[in-house]
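As a basis for the values below, the full set of heavy atoms in this structure was taken, side chains included, without hydrogen atoms, waters or symmetry mates. Note that the coordinates shown come from a computational prediction; the quantities given were computed from them, not determined experimentally.
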Amino acid sequence: IFPGNCWAFKGHQGQVVIKLPARVYLTAITLQHISKDASPSGTIISAPKDIAVFVSLLGTSGGALALGVDADRDEETLLGVFTYNVEKNPTQTFPLKNMLLPRAFSHVKLLVKSNWGNEWYTCIYRVKVHGKMENQKASTQDQD
């Protein structure tokens, strides 16, 4: 994690759809930003603040998932709304509410609703998606 070596997007709002290497029963998501100590300016106002995580119910039977592609037919389900706290550890994990959807998904949508004050851009340094791969036995430990 080096200052400036991030996924940056214009403004304080943005979204990204992450294609997972396999279908996963989602349990948590981890976000990482640099610390204030690592920042050349001593601030981390470009860090995301309010974040929502979604999955799509379209294509959950094994076909291609089209998050955002066919919005008229797509049903997105919110798995959680979180606040990344710049006063805490730079790596923060948030549990997802997948117990209502006992399904595996191949895509996750991360929606950044706001940042900590930078009006020009927002940076995300790392995103990890946690869960169990669909084809693994229930006794297998969580996979990243």
Side-chain angles (χ1 to χ4, degrees), residues 1-136 141-144:
I1 304 294
F2 299 103
N5 190 13
C6 67
W7 170 59
F9 55 88
K10 186 176 181 178
H12 62 275
Q13 294 183 332
Q15 64 184 15
V16 64
V17 176
I18 301 167
K19 183 177 189 297
L20 304 172
R23 294 173 55 78
V24 176
Y25 294 95
L26 304 168
T27 57
I29 192 159
T30 297
L31 294 175
Q32 186 173 358
H33 196 275
I34 60 171
S35 67
K36 287 181 184 178
D37 294 339
S39 173
S41 68
T43 68
I44 50 174
I45 62 173
S46 68
K49 183 177 180 183
D50 296 309
I51 302 139
V53 177
F54 295 88
V55 291
S56 173
L57 297 180
L58 185 65
T60 55
S61 62
L65 190 63
L67 265 173
V69 173
D70 193 358
D72 293 338
R73 293 184 13 207
D74 194 8
E75 284 187 48
E76 288 185 349
T77 299
L78 179 67
L79 293 186
V81 177
F82 313 104
T83 299
Y84 180 90
N85 187 337
V86 294
E87 299 301 325
K88 292 186 177 180
N89 190 311
T91 303
Q92 298 175 28
T93 301
F94 306 98
L96 298 175
K97 295 181 249 178
N98 198 20
M99 64 285 288
L100 301 176
L101 294 169
R103 300 180 178 139
F105 296 94
S106 59
H107 291 72
V108 177
K109 177 177 166 182
L110 183 69
L111 174 65
V112 177
K113 297 178 173 186
S114 65
N115 68 23
W116 284 93
N118 190 319
E119 61 188 76
W120 298 283
Y121 62 90
T122 301
C123 284
I124 295 176
Y125 282 82
R126 184 171 288 155
V127 176
K128 290 182 183 179
V129 178
H130 307 272
K132 292 182 181 172
M133 291 177 26
E134 183 177 46
N135 58 358
Q136 290 185 332
Q141 290 184 345
D142 283 4
Q143 301 291 312
D144 287 342

Trainee: Taking the cut-offs as 6.0 angstrom to the six-membered ring centre and 45 degrees off its axis, would you call Lys109 and Phe54 a cation-pi pair?
Mentor: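 So Lys109 does make the cation-pi contact.
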Trainee: Indicate yes or no: at least one non-hydrogen side-chain atom of Val24 is less than 4.5 angstrom from one of Phe105.
Mentor: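 Of all side-chain heavy-atom pairs linking Phe105 with Val24, none is under 4.5 Å.
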Trainee: If I take atom NE2 from residue His12 and atom CD1 from residue Ile45, how far apart are they, to the nearest 0.5 angstrom?
Mentor: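 Output value for this atom pair is 13.0 Å.
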Trainee: Check for a donor-acceptor pair, side chain of Arg23 on one end and backbone N or O of Ala104 on the other, with a separation under 3.5 Å.
Mentor: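 Yes: the side chain of Arg23 pairs with the backbone of Ala104.
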Trainee: State, yes or no, whether a side-chain contact exists between Val112 and Asp50 at a heavy-atom distance under 4.5 Å.
Mentor: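 Not in contact.
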Trainee: Does CH2 in Trp7 sit with more than 12 non-hydrogen atoms of other residues, nucleotides or ligands closer than 6.0 Å?
Mentor: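 Counting neighbours around CH2 of Trp7, more than 12 heavy atoms of other residues, nucleotides or ligands fall under 6.0 Å, so yes.
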Trainee: How far does CD of Gln32 sit from CD of Gln92, to the nearest 0.5 angstrom?
Mentor: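 Gln32 CD to Gln92 CD: 10.0 Å, rounded to 0.5 Å.
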Trainee: Kindly give the heavy-atom pair with the smallest separation between Pro3 and Pro40, and that separation in Å.
Mentor: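 Nearest pair, atom of Pro3 first, then Pro40: CB-CD, 3.8 Å.
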Trainee: Can you tell me how far the CD1 atom of Ile34 sits from the OG atom of Ser39, to the nearest 0.5 Å?
Mentor: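 Reported value, rounded in 0.5 Å steps: 4.5 Å.
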Trainee: Is there a side-chain contact between Val17 and Val108 in this structure, where contact means two heavy atoms from C-beta onward sitting under 4.5 Å apart?
Mentor: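 No, side chains not in contact.
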Trainee: Between Leu111 and Val16, is any pair of side-chain heavy atoms under 4.5 Å apart?
Mentor: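 In short, these two side chains do not touch, never coming nearer than 4.5 Å.
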Trainee: Hey, are the side chains of Ile29 and Val127 touching, using non-hydrogen atoms and a 4.5 Å cut-off?
Mentor: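 With C-beta onward as the side chain, the pair touches.
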Trainee: Would you call Glu87 and Lys36 a salt bridge, taking side-chain N to carboxylate O under 4.0 Å as the test?
Mentor: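 Lys36 and Glu87: salt-bridged.
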Trainee: Please check: side-chain N/O of Asn118 versus main-chain N/O of Tyr121, any donor-acceptor pairing under 3.5 Å?
Mentor: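 Indeed, once roles are kept as given, a pair shorter than 3.5 Å links the two residues.
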Trainee: Do Asn115 and Thr122 pair up side chain to side chain, a donor and an acceptor below 3.5 Å, judged on atom types alone?
Mentor: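 Distance-only check passes for Asn115 and Thr122.
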Trainee: Contact between Pro90 and Tyr84 at the side-chain level, heavy atoms closer than 4.5 Å - yes or no?
Mentor: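 Yes; the side chains approach each other to less than 4.5 Å.
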Trainee: Measuring from atom CD of Glu76 to atom CG of Leu78, what distance do you get when rounded to the nearest 0.5 angstrom?
Mentor: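 These two atoms lie 9.5 Å from each other.
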Trainee: Using side-chain heavy atoms (C-beta onward) and a distance below 4.5 Å, is Leu31 in contact with His33?
Mentor: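 Leu31 vs His33: side chains apart.
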Trainee: For the residue pair Pro48 and Ile124, what are the closest heavy atoms and their distance?
Mentor: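 That closest heavy-atom pairing would be CG-CG1, 4.1 Å.
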Trainee: Do Leu20 and Val129 make a side-chain contact, defined as non-hydrogen atoms from C-beta onward lying under 4.5 Å apart?
Mentor: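 Side chain of Leu20 against side chain of Val129, heavy atoms only: contact under 4.5 Å found.
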Trainee: Give the C-alpha distance, both sets of side-chain angles, the deciding distance and a yes or no for side-chain contact (heavy atoms from CB on, under 4.5 Å) between Val81 and Ile51.
Mentor: CA-CA 6 Å; Val81 177; Ile51 302 139; over 6 Å; no
Trainee: Show your reasoning for whether side-chain contact (heavy atoms from CB on, under 4.5 Å) applies to Thr30 and His130.
Mentor: CA-CA 8 Å; Thr30 297; His130 307 272; 2.6 Å; yes
Trainee: Kindly say whether Asn85 contributes a backbone atom to a donor-acceptor pair with the side chain of Thr83 at under 3.5 angstrom?
Mentor: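 It does not hold such a pair.
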Trainee: Show, in sequence, the C-alpha distance, side-chain angles and deciding distance for Val53 and Phe82, and conclude whether the side-chain contact (heavy atoms from CB on, under 4.5 Å) test is met.
Mentor: CA-CA 8 Å; Val53 177; Phe82 313 104; 3.9 Å; yes
Trainee: Measure from the side-chain N and O atoms of Gln15 to the backbone N and O of Leu110, and report whether any donor-acceptor pair falls under 3.5 Å.
Mentor: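 No; zero donor-acceptor contacts below 3.5 Å.
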Trainee: Mind checking the CZ-OH spacing from Arg103 to Tyr25? Nearest 0.5 Å is all I need.
Mentor: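 It comes to 10.5 Å.
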Trainee: Quick one: does any side-chain atom of Trp116 pair with a main-chain N or O of Ile44 as donor and acceptor, under 3.5 Å?
Mentor: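 Answer holds: no.
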Trainee: Got a second to check how far Ser35's OG is from Tyr125's OH, nearest 0.5 Å?
Mentor: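 Result: 10.0 Å between the selected atoms.
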